[in-house]
Amino acid sequence: QVQLVESGGGLVQAGGSLRLSCAASGRTFSRYAMGWFRQAPGKEREVVAAISRSGGTTYCADSVKGRFTISRDNAKNTMYLQMNSLKPEDTAVYYCAATLGYSDNYYSQEYTYDYWGQGTQVTVSS
């Protein structure tokens with residue numbers, strides 16, 4: 001089992017940057033594929049980015065491609081989401097999630113994830 005804690009959210013102006021972190025408990029972080037999801041008010045939760053266990057393979061949703069970068073540091077049990085050129089439509093609660101998976105691949109489907117953090121609010125003002 002793994003416990004996840006997000007941090008780094010906040011209020012930023014459009015065009016600004018934030019870096020989210022997801023700290024995982026336990027010694028088996030490198031066994032989990034990880035993902036970032038977000039949920040805006042009145043909308044369903046959606047995938048933002050995902051990364052394989054080794055960090056060698058990543059995925060970014062079209063809406064954030066070229067602006068957001070997902071990465072991980074298995075030695076520090078931490079995953080990151082670097083968010084640049086933020087837009088008001090990026091405003092949401094951002095969640096990190098973990099899944100054991102069956103291969104060193106990323107998983108972009110919400111239903112594949114077993115463990116979730118509590119979320120961190122990101123607000124982008126225009």
Between atom OG1 of T120 and atom CD of Q118, what is the distance when rounded to the nearest 0.5 Å?
7.0 Å

Evaluate the side-chain proximity of Y32 to L100: yes if any heavy-atom separation is below 4.5 Å, no if none is.
yes

Below 3.5 Å, can you tabulate the donor-acceptor pairs from side chains in residues 55-65 to any protein atom, sequence neighbours excluded?
from : atom 1 : to  : atom 2 : distance (Å)
D62  : OD1    : K65 : NZ     : 3.1

Q82 and N84, any side-chain heavy atoms less than 4.5 Å apart
yes

Can you establish whether the number of heavy atoms outside Q3 located under 6.0 Å from its atom CD is more than 12?
no

Could you state whether Y95 and V47 fall into the same hydrophobic cluster, counting links through intermediate Ile, Leu, Val, Met, Phe, Trp or Tyr residues with side-chain heavy atoms under 4.5 angstrom apart?
yes

Is a side-chain donor or acceptor of E110 paired with a backbone partner of E46 at a separation under 3.5 angstrom?
no

Could you walk me through whether D90 and M83 pass the side chain to side chain contact (heavy atoms under 4.5 Å, CB included) check?
CA-CA 9 Å; D90 295 318; M83 305 187 295; over 6 Å; no

Determine the minimum heavy-atom distance between S108 and F37, stating which atoms define it.
O-CE2, 4.2 Å

If two hydrophobic side chains count as joined below 4.5 Å and joins carry through other members, does V93 share a cluster with V48?
no

Looking only at heavy atoms, what is the nearest atom pair of L81 and A49, with distance?
CD1-CB, 4.2 Å

Looking at R72 and S52, would you say the former's side chain and the latter's main chain have a donor-acceptor pair under 3.5 Å?
yes

Point-to-point distance, once rounded to the nearest 0.5 Å, from OG of S125 to CD of Q13
5.0 Å

Point-to-point distance, once rounded to the nearest 0.5 Å, from CG of N77 to OG of S25:
8.0 Å

Measuring only between side-chain heavy atoms, which start at C-beta, is Q121 closer than 4.5 Å to T91?
yes

According to a 4.5 Å side-chain heavy-atom criterion applied to Ile, Leu, Val, Met, Phe, Trp and Tyr, with indirect links allowed, do M79 and Y115 form part of one hydrophobic cluster?
yes

Validation row, ring centre W36 to ring centre F68 under 6.0 Å:
no

Side chain to side chain, L4 and M34, heavy atoms closer than 4.5 Å:
yes

Please check if I70 and Y94 belong to a single hydrophobic cluster, counting links between Ile, Leu, Val, Met, Phe, Trp and Tyr side chain heavy atoms closer than 4.5 Å.
yes

Minimum-distance pair of heavy atoms, taken over all atoms of S85 and S17
N-OG, 4.3 Å

Counting only N and O atoms by type, is there a donor-acceptor contact under 3.5 Å from the side chain of N74 to the main-chain atoms of R53?
yes

Which atom of A24 lies closest to which atom of V2, heavy atoms considered:
CB-CG2, 3.7 Å

Minimum side-chain heavy-atom gap R19-Y80 below 4.5 Å:
yes

Could I get the full list of side chain to side chain contact (heavy atoms under 4.5 Å, CB included) partners for T112, not counting sequence neighbours?
Y107, Q109

Can you give me the closest heavy-atom contact between Q39 and K43, atom names plus distance?
NE2-O, 3.1 Å

Would you give the length of the straight line joining atom CG of L86 to atom OG1 of T123, rounded to the nearest 0.5 angstrom?
10.5 Å

Closest non-hydrogen atom pair between D104 and S54, with its separation:
OD2-OG, 2.7 Å

